[in-house]
Amino acid sequence: MTEVILQVYPTLGDEAAMAAQRPIGRNNDAYQKMLAGLIEVCQAADDLGYWGITHVEHHMHTEGMEISPAPLMLNIHLGHYTKRLRHGQLGLVLPAHDPIRLAEEIAIADHMLQGRLFVGMARGYQARWQNILGQRFNVTSTASDQSDADQRNRLLFSENFAIMKKAWTEDLLTYDGPTYKIPFPTSGIPNWPPAATITGKYGVPGEVDENGTVKGVGIVPKPYTSPHPQLFQAFGASPGTLRWCGEENVTPTILMGSLVKLRALMEIYQEGAASRGRHPRFGEGIGVCRTFYVFPNGTPEDEVRAKIRRSVELYEEPVWRGWYEQFGFMEGSRLDDEEGPVPKPGEHLADRLINSGLLIGGTVDQVKRQIEGFLTDLPIDYFVWLFHWGMIPRDEGLRMLELFGEKIMPEFGITGAPATVAGS
């Protein structure tokens, strides 16, 4: 069964508001309004049966788009207003964090949400903030270009991921890697004062030796979910990423329009899983990013077309042309065997998104048929709806969520069933 995750970038206003209140990112009234709006959209999604809602990790966005420097805090805050909706991030930028601290914070958030947390991960592509926050780790943002910066970023991502998984699943954590040691030094931390009185009696067996030397540590608390919250990879679209996701049982969220390219990536995911002894069905554990625009049945065809084009100009263009294109994400809209720039000079963004398959839009029945055609060919587990709440006016956005949730999701058995969690 396919579920729907809302990818909501916390946005403080549309382009008019961004211009009038520059820099709106530092406007407290706008931020409070955004928080109230997020509560409203989360409650609507909860009532309508959406599976989850996710934000990003980005810092220093004075422009007012993607204001989410601490997504785990948003997850906890918004989770208090929902009952079954899952909350997560796509994703946390692992190379910019200490892995033990991040593992601890995720575990605490998982407890606070009692298992309604999912965890997305990313390597990071925005130099403005990652180069600053990552300087202590000697890591920067990167493109997948095999450069020294790319290799360093990939090393820290892989190492931090491995440490976090061990921290969640092993009572006694030790690690000896190229950039991180547990304990430090690996020979042990001598002369732990309460070794005999407290740690040796009540801590993890083997945490200290008979000489009072710390030989390992235990990360507390362990997650509420056993063995850890469900893991996702943000915007994965390369063969190497899909293979890694299959190997590690991580759900990729693929930003790719072409069904041919999607199928190839999904098969690579299966190959990665098989190399580790897992054999998921085709499409199992896969998420695909799409934008949806839904209008009531009976809306004239020319009106639907005009509304989609207007919506793209107002709510999609600032994100896709102003942001995604500048970082290379428009490659996901490239057609099969297409060469040259995308979009093509003079091409309307709506035409590019629709023709590439990244935008599914129309009346309720038209959207049903498009989704049915997609799922017949590629039976994925998750649609990640790129839902630009904050750009889209409140009433318009809530109406689309309602139409999709009440008229479309039941057609495909999408229920957003509550999480079943193995608490330990």
Using only heavy-atom distances, determine whether the side chains of Asp145 and Ser147 contain a donor-acceptor pair under 3.5 Å. yes

Where do Pro343 and Arg321 come nearest, in terms of heavy atoms and distance? CG-NH1, 3.8 Å

Would you say CZ of Arg22 has more than 12 non-hydrogen atoms from neighbouring residues, nucleotides or ligands within 6.0 angstrom? no

Do the charged groups of Asp381 and Arg281 touch, with an N to O distance under 4.0 Å? yes

Can a salt bridge be assigned to the pair Arg399 and Glu402 using a cut-off of 4.0 Å between side-chain N and carboxylate O? yes

Sequence neighbours excluded, the answer for side chain to side chain donor-acceptor pair (under 3.5 Å) partners of Asn153 is Arg123

Without placing hydrogens or testing angles, list every side-chain donor-acceptor pair under 3.5 Å for residues 65-82, not counting sequence neighbours.
unit_1 : atom_1 : unit_2 : atom_2 : d
Glu66  : OE1    : His58  : NE2    : 3.3
Ser68  : OG     : Val56  : O      : 2.6
Asn75  : OD1    : Gln89  : NE2    : 2.9
Asn75  : ND2    : Pro71  : O      : 3.3
Asn75  : ND2    : Gly88  : O      : 3.1
Thr82  : OG1    : Gly79  : O      : 3.4
Thr82  : OG1    : His87  : NE2    : 2.9
Thr82  : OG1    : Arg116 : NH1    : 2.8

Show me the pairs that pass ring-ring contact (aromatic ring centres under 6.0 Å, His included) and involve residues 133-159, at least two apart or across chains. Phe157-Trp244

Looking only at heavy atoms, what is the nearest atom pair of Leu90 and Ala234, with distance? C-CB, 3.6 Å

Residues in salt bridge (Lys or Arg N to Asp or Glu O under 4.0 Å) contact with Glu170, at least two apart in sequence or another chain: Lys166

Can we call the ring centroids of Phe329 and Tyr125 under 6.0 Å apart? yes

When you compare the side chain of Leu386 with that of Tyr9, does any pair of heavy atoms fall below 4.5 Å? yes

Can you list everything that forms a side chain to side chain donor-acceptor pair (under 3.5 Å) with Glu248? Sequence neighbours excluded, please. Lys165

To the nearest 0.5 angstrom, please state how far the NZ atom of Lys181 sits from the OH atom of Tyr175. 8.5 Å

Kindly check if the number of other-residue, nucleotide or ligand heavy atoms within 6.0 Å of CZ (Arg26) is above 12? no

So, do Trp385 and Phe383 have ring centers that fall under 6.0 Å from each other? no

Got a salt bridge between Glu63 and Arg128, using NZ or NE/NH1/NH2 to carboxylate O under 4.0 Å? yes

So side-chain hydrogen bond (donor to acceptor under 3.5 Å, both in side chains) across residues 93-102, not counting sequence neighbours, yields Glu57-His97, Asp98-Tyr180

Rounded to the nearest 0.5 Å, what's the gap from CG on Leu359 to CZ on Phe292? Could you check? 9.0 Å

